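For reference, the structure discussed in these notes is given below.
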Amino acid sequence: MIRKNALLTVYHRLFEAYGPQHWWPARTPFEVMVGAVLTQNTAWTNVKRAILNLEQAGCLDALSMVSLTQEQLAELIRPSGYFNIKAKRLLNFVAWYLECGGHKNLEATDTPELRGLLLAVNGVGPETADDILLYAFERPVFVIDVYTRRLFTRLGLIGGDEDYETLRGAFESALDRDVPLYNEYHALIVRHAKEKCAWHQDCHHCRVEAPL
DNA sequence: TACCAGGAGAAAA
DNA sequence: TTTTCTCATGGT
């Protein structure tokens, strides 16, 4: 059980330190979904190169992408790493996406069912599904990643070894179902994780991670 | 030169 | 069921 006040205090510290992050960095919901798969265990700088390649090849939409062979897609997304497995995953995902009738049809599906459908796609795990739900479908789903675990473990608000669903449930129970809040919160956690602080001098990093 | 990055799934134990 | 292995480029 996490206290709402503690979560809001951490959020305000993050926002004061870093300001609005303007997530997700993409032009369309489909681009969000592609980015969510490509960024699995991968630095975003590499994902940007892959997305630029897709854009320049005119393949940043579902119909164009699904017409590519796995080898062609792999070559375009090479800079994002794991390009063979990610090409399979993207083709799996796009096939499912088109089969479901695309974004407009899926928008009519309620959140628990849509989450189940996403998780049934090979290559879409809990974090990728929740990135897509929050940032492409604007559903109030709190994304849990390694940075979230690390920050809130350091703050003493969680044990750190809880499973994914337990943590997501804890955050969503403590907070109102607020899409803009979840959007900014996760983005700020990622932004904060990139802050270097070797010596715990006075800095943004330490002001955020100070005892509550 | 090592090590890490907006994870997920298959294989092994 | 839980742990370990595999996937791979680019920046620090």
Side-chain angles (χ1 to χ4, degrees), chain A residues 10-11 14 18 20-27 29-54 56-57 70-97 115-139 141-154 159-168 171 179 181-199 205 208:
Chain A
V10 173
Y11 175 79
L14 286 164
Y18 306 115
Q21 300 299 302
H22 309 292
W23 269 35
W24 183 284
R27 292 200 192 90
F30 184 75
E31 188 180 331
V32 173
M33 303 184 215
V34 171
V37 171
L38 291 180
T39 198
Q40 290 168 357
N41 201 41
T42 300
W44 184 254
T45 51
N46 290 1
V47 176
K48 280 199 293 188
R49 295 167 178 271
I51 289 180
L52 185 62
N53 285 347
L54 289 170
Q56 290 178 341
Q70 190 185 128
E71 291 72 22
Q72 290 172 323
L73 182 53
E75 196 53 38
L76 289 170
I77 66 172
R78 174 181 283 274
S80 73
Y82 305 132
F83 49 84
N84 287 312
I85 188 67
K86 284 177 179 174
K88 282 184 191 173
R89 289 176 180 179
L90 281 177
L91 288 177
N92 282 342
F93 175 80
V94 178
W96 165 81
Y97 181 77
R115 190 165 193 275
L117 291 172
L118 285 164
L119 290 174
V121 178
N122 186 295
V124 177
E127 186 179 337
T128 304
D130 291 344
D131 278 336
I132 291 171
L133 287 165
L134 178 58
Y135 293 104
F137 288 96
E138 301 181 8
R139 305 301 175 92
V141 173
F142 200 95
V143 179
I144 306 296
D145 64 353
V146 289
Y147 299 147
T148 309
R149 287 179 185 276
R150 193 172 73 194
L151 175 59
F152 290 95
T153 301
R154 284 175 177 169
D161 57 349
E162 297 90 344
D163 63 48
Y164 188 99
E165 290 306 312
T166 300
L167 282 181
R168 186 173 68 84
F171 279 88
V179 171
L181 174 67
Y182 290 8
N183 177 322
E184 197 65 51
Y185 210 150
H186 178 63
L188 284 166
I189 289 167
V190 174
R191 169 68 182 84
H192 173 68
K194 295 176 181 172
E195 192 75 7
K196 306 292 184 194
C197 177
W199 306 107
H205 183 272
V208 170

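Below, chains carry the letters A, B, ... as their sequence lines are ordered, and counting in each starts from 1. Computed from a prediction, not measured in an experiment: that's the story for all the values here.
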From CA spacing to verdict: side chain to side chain contact (heavy atoms under 4.5 Å, CB included), A:E31, A:W24:
CA-CA 9 Å; A:E31 188 180 331; A:W24 183 284; over 6 Å; no
On DNA chain B, does the nearest nucleotide to A:H186 precede the nearest nucleotide to A:L119 from the 5' side, or the other way round? Give the residue.
A:H186
Would you check if there is a donor-acceptor pair between the side chains of A:D131 and A:T128 at a distance under 3.5 Å?
no
Considering only atom P, compute the distance from B:dC3 to C:dC5 and round it to an integer number of Å.
15 Å
Please identify the 5'-most and 3'-most nucleotides of DNA chain B with any atom under 4.0 angstrom from a heavy atom of chain A.
B:dA5 to B:dA10
Sticking with atom P, work out how far B:dA11 lies from C:dA8, rounded to a whole angstrom.
15 Å
P-based separation of C:dT6 from B:dG6 [nearest Å]:
24 Å
Could you identify which residues of residues 30-54 of chain A place a heavy atom less than 4.0 Å from some atom of DNA chain B, listed by residue number, or say none?
A:T39, A:Q40, A:N41, A:T42, A:A43, A:W44
Min side-chain heavy-atom separation A:L167-A:F142 under 4.5 Å:
no
Can you pull the contact range of chain A along DNA chain C, 5' to 3', using atoms under 4.0 angstrom from its heavy atoms?
C:dC7 to C:dG11
Please name all residues satisfying side chain to side chain contact (heavy atoms under 4.5 Å, CB included) with A:R78, sequence neighbours left out, ordered by chain then number.
A:E75, A:F83
Indicate, with a heavy-atom threshold strictly under 4.0 Å, whether A:R89 touches base, sugar-phosphate, or nothing.
base
Near-ring test A:F171/A:Y185, centroid separation under 6.0 angstrom
no
Can you list the residues that meet the side chain to side chain contact (heavy atoms under 4.5 Å, CB included) rule with A:R191, with sequence neighbours excluded?
A:Y18, A:Q21, A:E195
Residues in residues 128-135 of chain A with a heavy atom under 4.0 Å of DNA chain C, by number, are none
Find which nucleotide of DNA chain B each of A:V124 and A:K194 is nearest to by heavy atoms, and output the residue with the more 5' nucleotide.
A:K194
P gap between B:dA8 and C:dG10, integer Å
23 Å
